[in-house]
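Structure record follows, encoded as structure tokens.
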Protein chains: 2
Amino acid sequence: MSIDSRSDRAVYLQVADIVRSDIVKGRLKPGDDLPSEAALGQTLGVGREAIRQALGVLRAEGLIATTRGFGTRVRERAERHNLKLKRGDVATARMPSEPERRTMDLDEGVPLIVLTHADGSVELLDAETVELTA
Amino acid sequence: MSIDSRSDRAVYLQVADIVRSDIVKGRLKPGDDLPSEAALGQTLGVGREAIRQALGVLRAEGLIATTRGFGTRVRERAERHNLKLKRGDVATARMPSEPERRTMDLDEGVPLIVLTHADGSVELLDAETVELTA
DNA sequence: GTACATTTGTGCGTATGTATG
DNA sequence: TCATACATACGCACAAATGTA
């Protein structure tokens with residue numbers, strides 16, 4: 001797999017495709033460190049900007065998480081717990097605002113479950129840790 | 001509201017806060033066009049990079065959508081339809097991959113609802129257009 | 001259809017700041 | 001203390017898409 005700078009698909013999306021494939025196919029496993037941005041750029045022969053944009057795409061997909069000064073690693077999947085909807089409960093999903101994300105200590109690319117109860121009260125849940133059933 | 005480049009909060013996050021506030025408070029309404037990146041940069045006295053990162057944050061939150069060659073506008077909320085979970089259905093939420101997002105023609109910042117039926121079949125739904133009940 | 005101005009997308013270079021180990 | 005690595009921010013240039021004259 002390599003980069004074609006004359007392709008219709010932008011270079012950074014090709015980079016994202018390659019790394020995503022590595023994750024989905026299991027060549028990179030949850031908890032694994034990715035190479036540094038500089039190393040990735042060297043390996044693939046593209047600039048840092050393209051690498052950073054590619055990693056941004058994968059962060060937004062919830063596949064990786066980056067720690068400043070440390071590096072980027074494949075995100076581990078939290079265990080889900082079951083949540084049984086009660087009568088009158090309504091559940092929707094949306095992305096958190098950036099301040100919400102910080103407050104709830106969520107990684108990028110993780111949606112919220114918004115649970116509105118019959119009495120009008122609202123709960124915000126990390127979508128990655130819950131599954132809903134009737 | 002203006003930008004303090006010596007603040008702890010990054011310039012682009014301050015820009016995002018300002019524009020988000022304009023949207024949440026209704027100064028910018030669904031369907032409204034935002035000023036161009038250049039105009040925003042002029043108005044706020046910051047470079048294009050900070051503007052583009054700020055808009056990237058708001059896109060990831062599902063608040064705005066950008067069309068190349070045209071501009072950026074406040075997203076309109078689609079109407080939700082109710083989906084009643086059947087016995088054996090399990091619903092989770094996650095972000096689409098970039099190829100999924102293109103295939104399903106979703107804006108950035110819109111999660112997927114993953115509906116797994118009792119027989120093992122899986123449905124992917126635009127999270128913005130559904131609400132789940134028991 | 002053509003041409004044009006506007007606007008965003010992409011990519012690179014440079015510099016400095018900050019968190020981690 | 002120090003090297004490494006990512007974050008932020010500015011600048012520039014050109015490509016590509018849009019809407020309009």
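Chain A is the first sequence line, chain B the second, and so forth, proteins listed ahead of strands; every chain is numbered from 1.
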Inset, instruction - Would you sort out whether B:Arg73 and B:Thr67 count as a side chain to side chain donor-acceptor pair (under 3.5 Å), showing the intermediate values? - result: CA-CA 9 Å; B:Arg73 61 176 38 158; B:Thr67 306; over 6 Å; no
Inset, instruction - Write down the distance between CD (B:Gln53) and P (D:dC6), rounded to a whole number of angstrom. - result: 15 Å
Inset, instruction - Taking B:Arg101 for its side chain and B:Pro96 for its backbone only, find out whether a donor-acceptor pair lies under 3.5 Å. - result: no
Legend entry - Nearest-angstrom distance from the residue atom CD1 of A:Ile3 to C1' of C:dT10: 14 Å
Legend entry - Distance in angstrom units between A:Glu49 CD and D:dA5 P, rounded: 19 Å
Legend entry - A:Leu55 CG - D:dA5 C1' separation (whole Å): 12 Å
Inset, instruction - Might you confirm whether atom CD of B:Glu100 has over 12 heavy atoms from other residues, nucleotides or ligands at distances under 6.0 Å? - result: yes
Legend entry - Spacing of A:Gln42 atom CD relative to D:dA5 atom C1', expressed in whole Å: 15 Å
Inset, instruction - Check every atom of D:dT8, C:dT10, D:dC6 against the side chain of A:Thr72 and return the nucleotide holding the closest atom. - result: D:dC6
Inset, instruction - Residues of residues 30-39 of chain B with any non-hydrogen atom less than 4.0 angstrom from an atom of DNA chain D: list those, numerically ordered, please. - result: none
For residues 84-92 of chain A, which side-chain N or O atoms pair as donor and acceptor with protein atoms under 3.5 Å away, sequence neighbours left out?
unit_1: A:Lys84; atom_1: NZ; unit_2: A:Ala134; atom_2: O; d: 2.8
unit_1: A:Asp89; atom_1: OD1; unit_2: A:His117; atom_2: ND1; d: 2.9
unit_1: A:Asp89; atom_1: OD2; unit_2: A:Lys86; atom_2: N; d: 2.9

Inset, instruction - State whether A:Tyr12 places a side-chain N or O below 4.0 Å from either non-bridging phosphate oxygen (OP1 or OP2) of C:dT10. - result: yes
Inset, instruction - Can you establish whether the number of heavy atoms outside B:Asp119 located under 6.0 Å from its atom CG is more than 12? - result: yes
Legend entry - Of B:Thr129, B:Thr133, B:Leu132, the residue whose pairing with B:Leu83 passes side-chain contact (heavy atoms from CB on, under 4.5 Å): B:Leu132
Inset, instruction - May I ask you to decide if B:Asp4's main-chain N or O and B:Gln14's side chain share a donor-acceptor pair within less than 3.5 Å? - result: yes
Inset, instruction - Specify the separation, in whole Å, of atom CG of B:Leu40 and atom P of C:dT8. - result: 8 Å
Legend entry - Integer-rounded Å distance: D:dA9 P and B:Ile51 CD1: 11 Å
Legend entry - A:Arg9 CZ to C:dT10 C1', straight-line distance once rounded to whole Å: 14 Å
Legend entry - From D:dC10, C:dG11, C:dT8, nucleotide with atom closest to B:Arg48 side chain: C:dT8
Using the 3.5 Å cut-off, write out each protein N or O paired with an N or O of nucleotides 16-18 of chain D and the distance between them.
unit_1: D:dA16; atom_1: O4'; unit_2: B:Arg68; atom_2: NH2; d: 2.5

Inset, instruction - Report yes if the side chains of A:Leu124 and A:Met104 come closer than 4.5 Å at any heavy-atom pair, otherwise no. - result: yes
Legend entry - Between B:Arg59 and B:Thr66: side-chain donor-acceptor atoms closer than 3.5 Å: yes
